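First up is the structure itself, then whatever we jot down about it.
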Amino acid sequence: PKRSEFPEDFLFGVATSSYQIEGHAKGGAGPTHWDSFAATPGNVVRAENGDLACDHYTRWAEDLDLIANAGFDIYRFSTSWARVMPEGRGAVNAEGLDFYDRLVDGMLERGIKPALTLYHWELPAALADLGGWRNRDIAGWFGDFTQVIADRLGDRIWSAAPINEPWCVGWLSHFLGHHAPGLRDIRATAHAMHHVLLAHGTATQVMRASGMTNLGAVCNFEYPLPADDSPETAAATRLYDAYYNRFFAEGLFLGRYPDEVMEGFAPHMPKGWQDDFSTIQAPLDWFGLNYYTCKRIAPDGSAWPSHTEVAGPLPKTEMGWEIYPEGLSSFLTRIARDYTGDLPLFVTENGMASADTVIGGKVTDAARIAYYSAHLAEVQKVIAEGVPVKGYIGWSLLDNYEWALGYEKRFGLVHVDFDTLQRTPKASYLEWKDALGDRG
Ligand code: FCB
């Protein structure tokens with residue numbers, strides 16, 4: 001679909017994150033838990049890390065040109081805590097803060113709205129040593145980091161969200177162990193999932209007090225589908241939905257956690273958690289949904305949550321994720337109905353990985369074009385039904401460091417050759433450019 005087929009004030013953007021693109025080894029950044037996680041055998045494909053990544057730290061101007069030339073309105077980027085505060089607390093690395101200052105100015109010069117994420121997963125190692133997200137003090141540490149960013153960038157930021165995808169910070173990293181710090185521990189998970197919301201609320205209050213506006217939260221939701229028709233499978237699917245999707249939305253908007261999750265978490269929650277909702281529920285101006293896929297859930301008789309994922313029949317991306325666009329419209333409708341009402345909604349990530357190669361200077365990623373148009377059509381559908389979706393941000397501008405999957409999974413609109421660092425716009429980039437036209 002073209003820009004003209006959306007409401008006039010609807011905004012389009014692309015996203016990246018600091019550790020995935022910048023090249024963390026440059027510019028005096030401190031070590032992060034992703035560096036040590038990646039250096040531990042078995043965690044990351046080929047033990048790859050973000051030391052060089054796309055070298056955006058040096059090539060940022062070229063990358064901003066790519067965003068502007070395609071006609072995107074918004075650039076959703078993140079600030080690396082350890083680049084700004086190498087020890088996570090205390091001393092500020094002036095070079096790191098200067099980098100983000102230039103980057104934000106570079107966006108404004110090109111007419112791009114800076115959409116800031118304060119934390120997209122690379123926790124300073126010094127804070128991981130203190131227990132990281134398991135330690136309640138992280139809310140204060142994160143608040144202090146937020147203050148540094150607010151003081152320096154706050155006057156030029158268009159929108160801000162404290163934390164990318166609380167579910168990944170909590171469950172994926174502390175229960176499944178797939179991301180740093182790679183724990184598989186229910187107590188660590190219960191603590192992390194609560195503290196991540198406490199840190200979100202604390203940072204929101206800091207930004208609000210600093211005069212920043214347009215503050216939101218960004219959650220990833222996965223559409224749960226029962227693997228069969230049995231009542232046991234239905235219950236397993238409800239539980240998956242509760243700890244994946246509802247936990248954070250209910251914490252943020254209803255001031256409680258789902259009973260189903262508490263059945264597993266109750267003995268493991270940090271002391272006094274019930275008293276934190278006044279902070280967690282700091283008022284927001286928008287909610288962002290990151291959406292990629294559905295999951296088929298079946299009970300498996302193991303320890304709580306006693307279920308597993310089974311493969312589904314739909315076409316899959318390189319991640320092995322089924323392509324299920326109707327999940328996006330369904331979630332947007334449900335979020336507005338159950339949690340956010342008239343609050344503006346944004347799709348803050350959506351996109352797919354494919355095995356793209358450059359042939360004769362071109363990358364023909366037709367599947368990605370189809371993926372984007374199918375999901376945009378779902379957005380149009382719910383807008384027509386009155387759901388207040390105000391923007392759509394694709395993941396990602398560039399092929400980048402896809403966490404535990406290293407550089408193998410390519411999500412970019414722009415191909416990156418990780419040997420030469422050359423950028424090659426893919427067919428999907430050109431399609432976006434055509435669809436967006438002039439930004440007026
Ligand atoms: C999201 C992350 C992003 C990227 C995409 C594919 O969960 O926010 O960094 O890894 O998935």
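First listed ligand is number 1; within each ligand, the first listed atom is number 1. These numbers were taken from a predicted model, which means no experiment stands behind them.
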Query raised in the report: Going by an N to O cut-off under 4.0 Å, is there a salt bridge joining D399 and K426?
Result: yes
**Report entry** Check: N290/N164 side-chain N/O donor and acceptor closer than 3.5 Å
**Finding:** yes
Query raised in the report: Taking all atoms of both residues into account, what is the closest heavy-atom pair of L97 and V92, and its distance?
Result: CD2-CG1, 3.8 Å
Report task. Apply salt bridge (charged side-chain N to carboxylate O under 4.0 Å, His left out) to K381 and list each qualifying residue two or more places apart in sequence or on a separate chain. Result -> E378
Query raised in the report: Can you name the nearest heavy-atom pair linking G288 to T348, along with the distance?
Result: C-OG1, 3.3 Å
**Report entry** Salt bridge K26-D51, side-chain N to carboxylate O under 4.0 Å
**Finding:** no
Identify the protein atoms, limited to N or O, that lie within less than 3.5 Å of an N or O atom of ligand 1, and list each pair with its distance to 0.1 Å.
from     : atom 1 : to   : atom 2 : distance (Å)
ligand 1 : 7 (O)  : E165 : OE1    : 2.5
ligand 1 : 7 (O)  : E165 : OE2    : 3.0
ligand 1 : 8 (O)  : H120 : NE2    : 3.2
ligand 1 : 8 (O)  : N164 : ND2    : 2.9
ligand 1 : 8 (O)  : E165 : OE1    : 3.3
ligand 1 : 8 (O)  : E165 : OE2    : 3.2
ligand 1 : 8 (O)  : E349 : OE1    : 3.1
ligand 1 : 8 (O)  : E349 : OE2    : 2.9
ligand 1 : 9 (O)  : Q20  : OE1    : 2.7
ligand 1 : 9 (O)  : Q20  : NE2    : 3.4
ligand 1 : 9 (O)  : H120 : NE2    : 2.8
ligand 1 : 9 (O)  : W403 : NE1    : 3.1
ligand 1 : 10 (O) : E402 : OE1    : 2.8
ligand 1 : 10 (O) : E402 : OE2    : 3.1
ligand 1 : 10 (O) : W403 : NE1    : 3.1

